[in-house]
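So you know, we letter chains A, B, ... as the sequences are listed, proteins then strands, and number each from 1. Remember, it's a predicted structure, so these values are computed and weren't measured experimentally.
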Protein chains: 2
Amino acid sequence: MAKAENSVPAPAVRRLSLYLRQLEAFQSNNLQTVSSKQLGQALSLSDAQVRKDLAYFGQFGHPGVGYRVSELIERLRQILGTDRKTTAMLVGLGNLGHALMQYRGFNKKNFEIVAAFDKDPTKLGQAIPDRPAMTIQPMTEMLETVNHLNIKLGLICVPAEVAQDVADMMITAGVRGILNFAPISLKVGPNVVMSSVDLAVQLEQLAFQLSAMQNRATEPRQ
Amino acid sequence: MAKAENSVPAPAVRRLSLYLRQLEAFQSNNLQTVSSKQLGQALSLSDAQVRKDLAYFGQFGHPGVGYRVSELIERLRQILGTDRKTTAMLVGLGNLGHALMQYRGFNKKNFEIVAAFDKDPTKLGQAIPDRPAMTIQPMTEMLETVNHLNIKLGLICVPAEVAQDVADMMITAGVRGILNFAPISLKVGPNVVMSSVDLAVQLEQLAFQLSAMQNRATEPRQ
DNA sequence: TTTTGTGAATTGCTTCACAGCA
DNA sequence: TGCTGTGAAGCAATTCACAAAA
């Protein structure tokens, strides 16, 4: 039986996504089975790491054979919860918001954006490219729409200054998860999960590693 | 004196970016000094964590007082390497590529995109909105442009199938870092740093936590 | 007093190495 | 033989708790 989620290291859950992606690549190359060693090499991880990560959730492998690709893909989707559809809404239709409305990756992972909100009165009622059935709604309709369409996830694409207010509104409306694109650290209560996508943070991590490399090159011995 | 970079835990470096962002917020609220406790609370971290993270890089605090906001901001920028300008190029001008060309956050963090490439012949020579000085160049000009403009970083916005090839071209041309937006795990040699931005992975992490929460609600006792 | 910086203790994660199965 | 699943060992990160500084 699978372990309780709270005993699984967070990094292991993160790698589950990478395993799934790599397995999908193997599958489109018509590979039937894969060993922990092969999977690890493709992702620059050790075979032991792969086995231990998967073992947190159950026994999916076949000794002497490896893992059956299609079987493991199916199991990973169940574990990650992307075998069921998740409905989402998006708030803030600036540059980024519009780009995300166009993004096809959501549907590939079984997410569907079913509503879009903005507080700018000039945008209200506007159509959204490639989305004939949707228009931009005013913030006042959020509560009703979330309940009516049973929306589970909210995407925040507004400026940092108003991001916390929007998060609070979403939570009040009944959303269970938030994906935050604003460069600010949001507070959410218990029973709400939050994840942030922050390009500035990624850039700084790269900048740091670039300078570290530079330093190693100029003064090899400390 | 600051410790050698290789002895610093990676999660600590990651949090440095969060500290910097929060300090900038404190600064625009005219706060002069901040304690590790205040900084930690704003980011949902312990005070001990904040102090230890900062101590990896030197002694910036003042016992009984805390940290001077402007001083710490300056030091963090130096440590992260965003006090100096980093030149970058972007490859792949689809939806995402164009959105990133518009994104102002790069300049705020002292990154500058100075060249854009695409292999599609119909896009070559096209102007880029808000970028009067740049046109889309063919891939064959990459080597020369990287050397001429001393480009340090490459952004990959091409489909997964060709992302590794583009990465290899970039490295051959002399780039030192890569920010990959394609949903694939890239291999780069030593002396090149790589970081990936993958929305699909983030979505799956959220989906997992959403189902975990659901399970906790339905069966509180394991 | 307040608050830092830091060894020591603790917790968590990864790697090792091997029994058991196909 | 080849490969998984897993305790045990080893390593890494976080938290504790307190001396020292202002």
Within the pair [X] and [N], is there a side-chain N or O less than 4.0 Å away from OP1 or OP2?
{"X": "A:R15", "N": "C:dT14", "result": "yes"}
{"X": "B:Y67", "N": "C:dG5", "result": "yes"}
{"X": "B:Q49", "N": "D:dA13", "result": "no"}
{"X": "B:Q38", "N": "C:dT3", "result": "no"}
{"X": "A:S36", "N": "D:dT4", "result": "yes"}

Just the rounded figure in Å: distance from [atom2] of [N] to [atom1] of [X].
{"X": "A:R14", "N": "C:dT14", "atom1": "CZ", "atom2": "P", "answer": "13 Å"}
{"X": "A:D53", "N": "C:dC13", "atom1": "CG", "atom2": "C1'", "answer": "10 Å"}
{"X": "B:L54", "N": "C:dG5", "atom1": "CG", "atom2": "C1'", "answer": "11 Å"}
{"X": "A:D47", "N": "C:dT15", "atom1": "CG", "atom2": "P", "answer": "10 Å"}
{"X": "A:K37", "N": "D:dG5", "atom1": "NZ", "atom2": "P", "answer": "17 Å"}

Between B:L210 and A:G177, what is the shortest heavy-atom contact and its length?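 Minimum heavy-atom contact is CD2-N, 3.8 Å.
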Can a donor-acceptor pair be found, under 3.5 Å and without considering hydrogens, that links the side chain of A:R176 to the backbone of A:N191?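 Checking the backbone N and O of A:N191 against the side chain of A:R176, a donor-acceptor pair under 3.5 Å is found.
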I'd like to know if the side chain of A:Q49 and the backbone of A:S46 have a donor-acceptor N/O pair within less than 3.5 Å.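 Judged by distance alone, no pair lies under 3.5 Å.
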Options C:dC16, C:dT4, C:dG5, nucleotide nearest the side-chain atoms of A:A48: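 That would be C:dC16.
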Taking side-chain hydrogen bond (donor to acceptor under 3.5 Å, both in side chains) as the test, write out the residues that go with B:T145, two or more places apart.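 Once residues adjacent in sequence are excluded, the partners of B:T145 under the side-chain hydrogen bond (donor to acceptor under 3.5 Å, both in side chains) criterion are B:Q137.
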Checking side-chain polar atoms at under 3.5 Å, does A:Q205 have a donor or acceptor matched by the opposite partner on B:S17?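 Side chains of A:Q205 and B:S17: pair found under 3.5 Å.
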Using a distance-only test with no angle check, is there a side-chain donor-acceptor pair under 3.5 angstrom linking B:T82 and A:E204?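 There is no such pair (donor and acceptor under 3.5 Å, judged by atom type) between the side chains of B:T82 and A:E204.
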Base, sugar-phosphate alone, or nothing: which one does B:K52 contact when heavy atoms must sit under 4.0 Å apart?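 Touches a base.
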Dump the pairs, protein N or O against N or O of nucleotides 18-22 of chain D, anything under 3.5 Å, distances to one decimal.
residue, atom, partner, partner atom, Å
D:dA22, O4', B:P63, O, 3.2

Is the shortest distance from a Lys or Arg side-chain nitrogen in B:R77 or B:E24 to a carboxylate oxygen in the other one below 4.0 Å?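 Salt bridge: yes.
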